[in-house]
Amino acid sequence: MQHADWSTLYPWLVWILTALIGMGIFMAYAGKRLHIRRLPAIDAIEEAVGRATEMGRPMLFVPGLAGIDVPSFQAVAISGHIAKLAAKYRTRILMPVTNTVIMTMAEQVLKESYAEGGAPEAFRSEDIRFLSDDQFAFASGVVGLMNRERVAANFFFGNFAAESLILAETGQTLGAIQIAGTPSTLQIPFFIAACDFTVIGEEYYAVTAYLTREPILLGSVWGQDICRIALAALIFATTVFHKLLPAPVLKFLGLE
Amino acid sequence: MFEPVREFWLNLSLIFGAIFVSIVILAAVHASPPQFKRILTVIVVFIAGLYFPVEFYIPRHNFLTPYGDSVRNLVQVLAAFTFGLGVVNLVLIHGRHVLQRTTNFPFSLAFFAGFLIMTFVGFIQRYSPQFWVKKAEAGQISFWDGMHKLLFEGMLIPLTSTVFSLLAFFIVSAAYRAFRIRTLEAGLLMATAIIVMLANVPVGTWLTSWIPAEGWLKWFRLENAAIWLTTQINAPTQRAILFGLWVGAIGAALRIWLSLERTFTAGSR
């Protein structure tokens with residue numbers, strides 16, 4: 001197996017970034033008040049839930065081609081917060097999945113969220129459906145589900161590939177309000193074109209902090225922003241002073 | 001790390017023993033009080049999340065390295081337990097449709113037919129290709145191989161390709177909406193799209209072929225303008241998004257590892 005090469009910057013960088021994020025969490029824990037900028041896409045979630053309730057139709061949450069990874073876990077966490085809102089209005093959330101581990105996890109998270117939202121009886125375990133682990137079989141299953149249930153709101157959060165536009169365009173045809181967020185940079189343009197609101201880039205990992213306003217989560221988002229500033233400064237400095245840096249430093253930075 | 005057991009009965013006993021112990025553990029966890037579940041989840045997530053970084057960041061082969069394959073196998077075994085749940089979920093949902101004769105119950109019948117036929121043919125073709133049929137002559141394809149080919153290559157793959165081909169139509173409708181020039185951003189998008197699209201077809205390069213190929217004027221040739229747009233505008237933007245994403249992923253991983261993202265610590269509320 002491969003191991004970290006401590007003679008280069010990269011392993012150090014990961015720990016420095018982790019320490020910075022940890023510092024943000026610690027500062028928030030210690031009581032520092034932190035602010036997070038407005039994210040219109042996330043503000044629209046409540047509007048979407050309200051609209052589905054008014055129309056008396058269910059909502060659809062697709063966690064993408066979920067695997068056991070951080071983006072999928074983040075998607076399930078977001079679904080939990082949407083379920084809490086849905087519980088307030090006794091609205092159903094349909095959640096088709098491609099991965100049985102994520103299905104089990106989502107079932108537990110949604111069940112708890114409905115209970116926390118004050119409507120445990122509104123949770124139906126059959127609304128979390130394993131369709132297929134094949135990309136296009138899953139896509140056709142979701143399209144069928146959207147059409148049969150006439151969903152009023154679609155949430156697409158997670159890893160997506162070519163099926164993203166098939167899903168989003170079907171939702172658009174049905175007139176559903178659509179909110180999407182994905183770490184797959186190739187799919188972001190498709191979601192921007194077909195959805196009402198799209199969460200871009202790092203905003204994807206800030207959604208839960210934004211929704212809950214929990215100080216510790218806000219602290220991690222603050223820490224991430226400090227990391228980005230530090231990385232941008234590092235890139236800028238190494239670009240400008242590239243010619244002046246001695247060979248060992250260039251080697252350490254991986255520039256030689 | 002562990003050598004496979006060669007003795008058949010001992011191997012079988014170990015497999016069934018492991019399944020039994022796993023089921024007992026899962027049942028015990030399931031029946032335990034919420035507070036215990038929460039503490040257990042926090043501890044297991046922390047220890048499991050600690051293994052890989054520590055193993056990777058200790059230089060060279062270290063005391064944790066020999067356990068790597070076993071830990072990865074453990075993840076697969078845990079995932080395998082949930083696979084059965086996926087099948088149960090499908091059967092329950094479609095079974096209910098069939099039993100209650102709902103409007104869409106023919107689709108559920110199609111599911112059962114597809115599921116049973118595919119499973120049956122797949123297993124027979126793989127494990128007992130002589131089942132109920134004569135052995136294929138040299139140069140002939142056996143019955144079960146043929147059935148497998150028909151179902152998977154003749155039906156499943158074309159069906160998948162059909163769904164994929166829908167993408168072409170959806171791209172047109174999405175592009176139409178995206179390219180309606182209502183704002184400055186939409187106008188810029190439209191202009192760049194036209195340049196990049198034209199640069200990728202012969203007529204596009206022909207249109208600006210009269211512009212000198214050398215000197216600063218060369219950047220007005222469509223093929224050069226497209227290269228400039230994709231390498232100097234598009235690529236850095238994509239990289240910037242990816243930078244933000246990966247730092248965000250570190251933050252999210254840290255939150256999950258330390259169980260600060262309370263959504264996953266079942267029974268916490």
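Per chain, numbering begins at 1; letters A, B, ... match sequence-line order. Heavy atoms only: backbone and side chains are in, while hydrogens, waters and symmetry mates are out. Keep in mind the model is a prediction, meaning the values are calculated, not measured.
Note on B/F111, B/F83, B/F169, B/F170: by heavy-atom pairs under 4.5 Å with chain A, the leading option is B/F170. Most heavy-atom pairs under 4.5 Å with chain A, from the set B/S161, B/G251, B/P53: that is B/G251. The greatest number of non-hydrogen atom pairs below 4.5 Å with chain A, out of B/A253, B/G86, B/A178, is found for B/G86.
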Query raised in the report: Could you go step by step and tell me if B/L245 and A/Y205 meet the side-chain contact (heavy atoms from CB on, under 4.5 Å) rule?
Result: CA-CA 8 Å; B/L245 268 169; A/Y205 292 108; 3.7 Å; yes

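Rounding to the nearest 0.5 Å places CD of A/Q224 at 6.0 Å from CZ of B/R255. In this structure, B/I250 CD1 and A/L17 CG are separated by 5.0 Å, a value rounded to the nearest 0.5 Å. Here the CD1 atom belonging to B/I241 is positioned 11.5 Å from the OG atom belonging to A/S184, to the nearest 0.5 angstrom. The CD1 atom of A/I68 sits 9.0 Å away from the CD atom of B/Q76 when rounded to the nearest 0.5 Å. Here the OG-CD1 distance, from B/S165 to A/I166, works out to 8.0 Å after rounding to the nearest 0.5 Å.
Within residues 95-104 of chain A, the residues having any heavy atom less than 4.5 Å from a heavy atom of chain B are, in residue-number order, A/T100, A/V101, A/M103, A/T104. Using a 4.5 Å cut-off between non-hydrogen atoms, the part of residues 126-134 of chain A that approaches chain B consists of A/E126, A/I128, A/R129, A/F130, A/L131, A/D134.
Proximity to chain A is limited to the side chain of B/L254, based on heavy atoms less than 4.5 angstrom apart. Heavy atoms closer than 4.5 Å to chain B are found in both the backbone and the side chain of A/A194. With a 4.5 angstrom heavy-atom cutoff, B/I171 touches chain A via backbone and side-chain atoms both. Of the two parts of A/Q135, neither the backbone nor the side chain holds a non-hydrogen atom closer than 4.5 Å to a non-hydrogen atom of chain B. Heavy atoms closer than 4.5 Å to chain A are found nowhere in B/L92, neither backbone nor side chain.
The shortest non-hydrogen separation linking A/R228 to B/G248 is NH2-N, 3.5 Å. Between B/L167 and A/A162 the shortest heavy-atom distance is CD1-O, 3.2 Å. Contact record, B/R177 with A/A193: NE-O, 3.4 Å, taken as the closest heavy-atom pair. Residues B/V163 and A/A139 come closest through the heavy atom pair CG1-CB, 4.4 Å.
The 12-atom threshold is exceeded at CE of A/M23, counting heavy atoms of other residues, nucleotides or ligands nearer than 6.0 Å.
Under a 3.5 Å cut-off, the side chain of A/W6 and the backbone N or O of B/Y57 do form a donor-acceptor pair. The backbone N or O of B/P59 lies less than 3.5 Å from no partner atom in the side chain of A/H3, so there is not a single donor-acceptor pair.
Under the side-chain contact (heavy atoms from CB on, under 4.5 Å) criterion, A/T173 pairs with no residue, sequence neighbours left out.
Sorted by first and then second residue, the salt bridge (charged side-chain N to carboxylate O under 4.0 Å, His left out) pairs with a member in residues 187-206 of chain A read A/R37-A/E203; sequence neighbours excluded.
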